[in-house]
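For ligands, and for the atoms within them, numbers begin at 1 and follow the listed sequence.
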Amino acid sequence: MRNASKHVAGLRKRIARQLLCAALAAWPSIAAADSMKEAVAEDVRGLMPLYRDLHASPELSMKEVKTAAKLAVEVRKFGFKVTEKVGVTGVVAVMENGPGPVLLIRADMDGLPVVEQTGLPYSSKVKGVSATGIETSVMHACGHDTHMTAWIATAKRLAAMKAQWSGTLVMILQPGEETSEGARAMLADGLFSRFPKPQYALAFHDSASLPAGMIGYTSGPAAATVDSVDLVVKGVGGHGAVPHATKDPIVVAARIVSTLQTLISRELDPQDAAVVTVGSFQAGAKHNVIPDEAKLLLTVRTYNDKARELMLGGIARIARGEAIAAGLPEDKMPVMTVERDLSTPAAINTPEFTAHMAQVFAKRFGQDRVTPVPPPMVGEDFGRYRETDPSIQSLLFWVGGVPKTKWDAAGGDTMKLPSLHSPFWAPEAETVIATATEAMITATLDILKK
Ligand SMILES: [Zn+2]
Ligand SMILES: [Zn+2]
């Protein structure tokens, strides 16, 4: 017994010595990592009043005038060369810091027409007027306020760490992500010609599907191609009591809506993914009048050209087929409009670059905080930068925002939690901002390493 315990004590001492040696060997990198982490945590604590201010004063898409002006003042303080009103309200902050690649870091600025119901003390009470002229409440229901605060924190720290990287930073604040107008507007206003053109592009989005502080990534398509389809279904109107003398467009449109459901269940490869949602069905104005047209508004989401053509072609075919089945003449076939130029392209994460960044993040945060996630069917116009020049190495990653207690209470079931765009979406902002800032800095020090 005694001998055995002596042996155990000796073993313990040896293990302790080995652990100490290992810790000392790793000391410089741990020290560097921790000092950056601490500096970021302190910066972010100091920026929380700015976050709360941004949260309380959201602006609708392409109207981010005060938001942009406020943040331009902040980022100028760190020594960036700042240009405002690029693509209506966009901001471009450039820092040239020796030879090396050009890295674009993007945050989006717009709020949504949502009535906030989080109950937070800094809830938004702002009203705005939508593009269609309707007065509406406005809320940062997609968390773009966390993106902007992390963008400022990233700019501040990278300016302070100038001696540790070499290259050019192009940090942009983009308007109109929610309406898919902003990236297009900034590119059209010379983002890639008036300013250094990037070889790398990074953005993050807060996530309602990951616990706070987790990082999620998808290789390849990370946000879907989004097409908006308008469908006008024609008929022959008349008295509601004389249906046989009419061609009721409501019945034809209802059949179209039903038959559209077979596009995905019967025509799309089960291994592929797509969404066809009819978000609006408008027809008629009175109980006893059969109208002469019905209007459907659809959103179509796909990840590849084959599925996209199958869905768009299928909608046209089904609409026409149902009109023929109803006995409508050739001049009363449904009219389908898709503005392909206005479609949001899929956001493609460059596979090799994504794999490399996932490793860099795992090294920084630990493997348990970095996880691959399946591609969602949401749209993100961040994909437009890489679409303009496919040689750009691009990554859009997710930063979890669900408070741990809420995540645990829901047993990790996101169906029980508020989603992005919900009036109840209240991410654990400080964790999102600190994690995203640390991730952006880590990525930048890797991409623009000396
Ligand atoms: Zn959104
Ligand atoms: Zn968003």
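The pair Arg194-Asp189 counts as a salt bridge, with a side-chain nitrogen and a carboxylate oxygen less than 4.0 angstrom apart.
Aromatic ring centres of Phe361 and Tyr217 lie farther apart than the 6.0 Å criterion allows.
Between Tyr122 and Tyr51, the ring planes lie perpendicular to each other; the angle is over 60°, past the 30° to 60° tilted range. Between Tyr200 and Phe353, the angle of the ring planes lies from 30° to 60°, which puts this pair in the tilted group.
Listed by first then second residue, pairs satisfying salt bridge (charged side-chain N to carboxylate O under 4.0 Å, His left out) with a partner in residues 371-397 read Arg106-Glu380, Arg106-Asp381, Lys197-Asp389, not counting sequence neighbours.
Counting only distance, with no hydrogens or angles, the side chain of Asn97 and the backbone of Trp165 share a donor-acceptor pair below 3.5 Å.
Around the Zn ion (ligand 2), protein atoms of type N, O or S found under 2.8 Å number 3.
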